[in-house]
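Encoded as structure tokens, the structure appears first; notes follow it.
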Amino acid sequence: MTTSTGTDWAAWQESWDRQQEWYMPDREERFRIMVEALVGTAPRVLDLACGTGSITARLLARFPEATSTGVDLDPALLAIARGTFEGDDRVSFVTADLKDPEWRATLPYDSYDAVLTATALHWLHSEPLAALYGQVAELVRDGGVFMNADHMIDESTPRINAAEHARRHARMDQAKRDGALDWAEWWQLAAQDPVLAEPTARRFEIYGEHADGDTPSAAWHARVLKEKGFGEARAVWCSPSDTLLLGLK
Ligand SMILES: C[S@@+](CC[C@H](N)C(=O)[O-])C[C@H]1O[C@@H](n2cnc3c(N)ncnc32)[C@H](O)[C@@H]1O
């Protein structure tokens, strides 16, 4: 939908999805499994490191009675998220740095049925991520869920990892020759947009190109989630490169 700013938010969502799919061809399948694994049809959800609100969009398409809070630090992606969901009372967005110990103070609720996140927590190193898991455990109600879809690397399988990396990059190289946009090229487009140029400049001041982080194994994520207060945790889906980890409170 094009709004009063003249910005076609749906087109930005579309190009964001295509750019992310260049890295993760199974991205939509990950979202589908994540949303289907929810408890109930009207959950209160926290879309953690929401970016443009990709999870929120899939959640509301599947469960129109759900509500969602999106939290992120990137002003440009949040501008796309806010533009997309403008006027939708089910959705709100807040700006916060998940490494700030007080980030939960920005949220409109102190408890959620589900906290969902995708392709984001590898921007954090393991130590701050473990601290974040402790905070997330306090936000999820008993019987509620946390789900993290991300790159989780098992260092005990180096030959499999190398083969997967080579296969994935061969596909990406071909898609690039066919015109796919990568991360840097997508941000160059955002920097040229009259509405997104200013928040894009701010996001580069915050992050640079991309924040550094770690990609610990699914076993690490499951262990730390249990240490931090989840009753059970394990992978519920995986592809050769990615895992969807579910923690049940
Ligand atoms: C690759 S995007 C994924 C966004 C969305 N979940 C999706 O799948 O399309 C990663 C997101 O994590 C956010 N992020 C990374 N570190 C963060 C932090 N410390 N605090 C808040 N958000 C963070 C980034 O701003 C970015 O929006």
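Remember, it's 1-based here, ligands and their atoms both numbered in the order they're listed. Just so we're clear, the structure is a prediction, and the values are computed from it rather than from any experiment.
At distances below 3.5 Å, not a single donor-acceptor pair connects side-chain atoms of Arg90 with backbone N or O atoms of Ser68.
Listed by chain and residue number, nothing satisfies the salt bridge (charged side-chain N to carboxylate O under 4.0 Å, His left out) test with Asp193 (two or more places apart in sequence, or in another chain). Residues passing the salt bridge (charged side-chain N to carboxylate O under 4.0 Å, His left out) test with Glu29 are Arg32, sequence neighbours excluded.
In this structure, Arg44 is positioned above the aromatic face of Tyr109, its NZ or CZ under 6.0 Å from the six-membered ring centre and within 45° of the axis.
For residues 50-74, the set of pairs meeting the ring-ring contact (aromatic ring centres under 6.0 Å, His included) definition, not counting sequence neighbours, is empty.
At a cut-off of 3.5 Å, with distance as the only test, a side-chain donor of Trp186 or Ser15 sits close to an acceptor on the other residue.
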For ligand 1, what N or O to protein N or O distances fall under 3.5 Å?
{"unit_1": "ligand 1", "atom_1": "6 (N)", "unit_2": "Ala49", "atom_2": "O", "d": "3.3"}
{"unit_1": "ligand 1", "atom_1": "6 (N)", "unit_2": "Ala118", "atom_2": "O", "d": "3.0"}
{"unit_1": "ligand 1", "atom_1": "9 (O)", "unit_2": "Trp16", "atom_2": "NE1", "d": "2.9"}
{"unit_1": "ligand 1", "atom_1": "9 (O)", "unit_2": "Arg27", "atom_2": "NH2", "d": "2.9"}
{"unit_1": "ligand 1", "atom_1": "9 (O)", "unit_2": "Ser54", "atom_2": "OG", "d": "2.8"}
{"unit_1": "ligand 1", "atom_1": "14 (N)", "unit_2": "Tyr207", "atom_2": "OH", "d": "3.3"}
{"unit_1": "ligand 1", "atom_1": "19 (N)", "unit_2": "Asp97", "atom_2": "OD1", "d": "2.9"}
{"unit_1": "ligand 1", "atom_1": "20 (N)", "unit_2": "Leu98", "atom_2": "N", "d": "2.9"}
{"unit_1": "ligand 1", "atom_1": "25 (O)", "unit_2": "Asp72", "atom_2": "OD1", "d": "2.6"}
{"unit_1": "ligand 1", "atom_1": "25 (O)", "unit_2": "Tyr207", "atom_2": "OH", "d": "2.7"}
{"unit_1": "ligand 1", "atom_1": "27 (O)", "unit_2": "Asp72", "atom_2": "OD1", "d": "3.2"}
{"unit_1": "ligand 1", "atom_1": "27 (O)", "unit_2": "Asp72", "atom_2": "OD2", "d": "2.7"}

